[in-house]
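This report concerns only the one structure given below.
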Amino acid sequence: MKKALAFLTALVLLLCALPMAMADEQPDITSWILAKDPAAVSGTVRFWIPFKGSQGMDDMIAEFNQTYPNVKVELTSYNNNSDGNLAVDAALMAGEIDVLASFGLANAYRRWENSLYMELTDYIEKYNINLVDNWGTDVYKYDDTYYTFPCGGLSYYVSINMTDWNEAGLGELPTEWTWDEYLAACAAMTKKDEAGNTVLYGGSDYHSVNYFTYVWYQVYGHDQYFGEDGLSNFTDPLIVNALKREIKAEVEDKIWYPLEVYRNDNIQTQDVFMGHTAASAISPNMVRFIRDTSKYPTQWITGFAPWPVEEKGQTNYMAGVSNFSHAGIAANCADEEAAWYWLAWYSTYGSRYLICAGHQSSWKGTDTNALVDLVFGSEENAEKLVDVESFKRVVVNYDNPPYTDTILTAYTDVNKAINEYTRYAHQGLMTAEEAMAQAKQIADEAIKNAD
């Protein structure tokens, strides 16, 4: 009887423990990545990405070749601007690219809808790849078809010249702040000459036209361009007020570096901040330029503060690492097998090297513990360039909540409308309200026609 009771007790305990064990079981996100015999895979992969070899890409390829010694990866770095992306599209159509990392959803979406990427459906089904388990989302597809993996991310933050910050008496770096607080800090750091001309801007928004719309991501956590009705959100007070705030800081108060100068003179935010034209700057990739001490030697330490929020206490969905780049195989790829194994490796293990270029891996298997060493060589080296505590807390904090996109309808046309009419508002040709109303009309028409 005692033996039977002991057996039943043990059985009950085992059965009770099973749900807990199952709950603790992690999804398999690694078994699909590598070939059974990597040394047997051979070929050449022409890989295009906006980053140079010195920005972590050479080291990434070298590590890949430790596993795949017979696959040659040829790196081509392209400019992620309008002309550069037109050149990429032409190269895709000409069969000059095998694997492409598209930067920005608008560029990826355009290539999906024009069939410039190969469908990945067969590979996803063959290897039972769960996109949510691997990259946190499965929304990035066109016509219910996957063409790319959402394997690259960005964290968004404010880079701060700590010498200017301390000279303005602004105290400790914030762990949370509002837009009003950030603008007040920018005003305190702004320096003007006797004639009232700004000689040092206290801050800067990023050089991309659409950055003011990211407030929607911050508040709601999804879909910077779309409201609950599926139409554009451009006339919502949150969007309109964000545009007015940007114009006031740049055009009226002159405490932010102007968007129109960025666009007209083809200047980028890293040049303004690293050249000490601005004391702070909103940026998703400043780390790339801080570590490049040969091109950007500095005499100050850079600190980091989180993306500002609209109101105190809000969840900040701009504080995490969010999807930005999408990699896939070209539709007319020359060597599909080699291209697939490179894509699989780059999208997972290899994507950690993106931090060297100021971007981030969005793969859930990424080891985040050694990112400081990967970027700067060591924590000791990092301390010569950045405030390490705020770097870890703000730039590479994978525990912070990210945003994601859930609506991609007519994305190319919607993005074009906001970029065009935002410029008109900055140029004083329209009020913010007029510009956003016109952009909404055009965007909504495109959305309805797409449906």
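All values below were derived from every heavy atom in this structure, side-chain atoms included, with hydrogens, water molecules and symmetry-related copies excluded.
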Show which side-chain atoms of residues 323-330 pair as donor or acceptor with protein atoms under 3.5 Å away, not counting sequence neighbours.
from, atom 1, to, atom 2, distance (Å)
N323, ND2, P150, O, 2.9

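With no hydrogens or angles considered, a side-chain donor-acceptor pair links Y296 and D271 at under 3.5 Å. Side-chain atoms of D292 and S294 form a donor-acceptor pair, as typed in the model, at a separation below 3.5 Å. Checking Q218 against Q314 by side-chain atom types alone, a donor-acceptor pair falls below 3.5 Å. Residues Y353 and D59 have side chains that never bring a donor and an acceptor to within less than 3.5 angstrom of each other.
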Item to complete: Evaluate side-chain contact (heavy atoms from CB on, under 4.5 Å) for N285 paired with Y206, printing each intermediate quantity in order.
Response: CA-CA 10 Å; N285 60 357; Y206 197 55; 3.5 Å; yes
Practice prompt. For F103 and F51, run side-chain contact (heavy atoms from CB on, under 4.5 Å): C-alpha distance rounded to whole Å, both residues' side-chain angles, the deciding distance at 0.1 Å, then the answer.
Written response: CA-CA 11 Å; F103 278 26; F51 299 142; 3.3 Å; yes
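Residues satisfying the side-chain contact (heavy atoms from CB on, under 4.5 Å) criterion with K141, sequence neighbours excluded, are D144, Y146. For the salt bridge (charged side-chain N to carboxylate O under 4.0 Å, His left out) test, residues two or more places apart in sequence or in another chain that qualify with E74 are K72. Here R291 pairs with nothing under the salt bridge (charged side-chain N to carboxylate O under 4.0 Å, His left out) rule; sequence neighbours left out. Here Y398 pairs with Q360 under the side-chain hydrogen bond (donor to acceptor under 3.5 Å, both in side chains) rule; sequence neighbours left out. Under the side-chain hydrogen bond (donor to acceptor under 3.5 Å, both in side chains) criterion, T298 pairs with no residue at all, not counting sequence neighbours. Looking at residues two or more places apart in sequence or on another chain, you find a side-chain contact (heavy atoms from CB on, under 4.5 Å) between E336 and M118, Y123. Taking the side-chain hydrogen bond (donor to acceptor under 3.5 Å, both in side chains) definition, one finds that T368 meets it with nothing, sequence neighbours left out. Partners of E246 by side-chain hydrogen bond (donor to acceptor under 3.5 Å, both in side chains), not counting sequence neighbours, listed by chain and number: H426. Every residue meeting the side-chain contact (heavy atoms from CB on, under 4.5 Å) condition with A432, not counting sequence neighbours, appears here in chain and number order: V240, L243, K244.
Residue pairs meeting the side-chain hydrogen bond (donor to acceptor under 3.5 Å, both in side chains) criterion with at least one partner in residues 89-112, sequence neighbours excluded, are R46-D98, N85-R111, D89-R110, D89-R111, S102-R111, S102-Y117, N107-R110, W112-T148. The stretch residues 119-133 participates, sequence neighbours left out, in no salt bridge (charged side-chain N to carboxylate O under 4.0 Å, His left out) pair at all.
In this structure, the side chains of T121 and I124 stay at 4.5 Å or more apart for every pair of heavy atoms. Looking at V287 and F391, their side chains come closer than 4.5 Å, going by heavy atoms from C-beta outward. Contact check for P258 versus Y201: side-chain heavy atoms found under the 4.5 Å cut-off.
In this structure a side-chain-to-backbone donor-acceptor pair under 3.5 Å is missing from S208 to Y211. Side chain of S322 to main chain of Y403: a donor-acceptor pair is present (N/O by atom type, distance under 3.5 Å, no hydrogens or angles).
Ring orientation note: the planes of Y411 and Y225 are tilted relative to one another, at an angle of 30° to 60°. The aromatic rings of W256 and Y182 sit tilted, their planes meeting at an angle between 30° and 60°.
Annotation: W307 is in aromatic contact with W179 [ring centroid separation under 6.0 Å].
Of the listed residues (L259, N264, D265), just one forms a side-chain contact (heavy atoms from CB on, under 4.5 Å) with V261, and that residue is D265.
S155 approaches V321 most closely through the heavy-atom pair CB-CG2, 4.3 Å. For the pair Y217 and Y317, the tightest heavy-atom approach, listed with the atom from each and the gap, is O-CB, 3.2 Å.
The pair K416-E420 fails the salt-bridge criterion, with no side-chain N (NZ, NE, NH1 or NH2) lying under 4.0 Å from an Asp/Glu carboxylate O.
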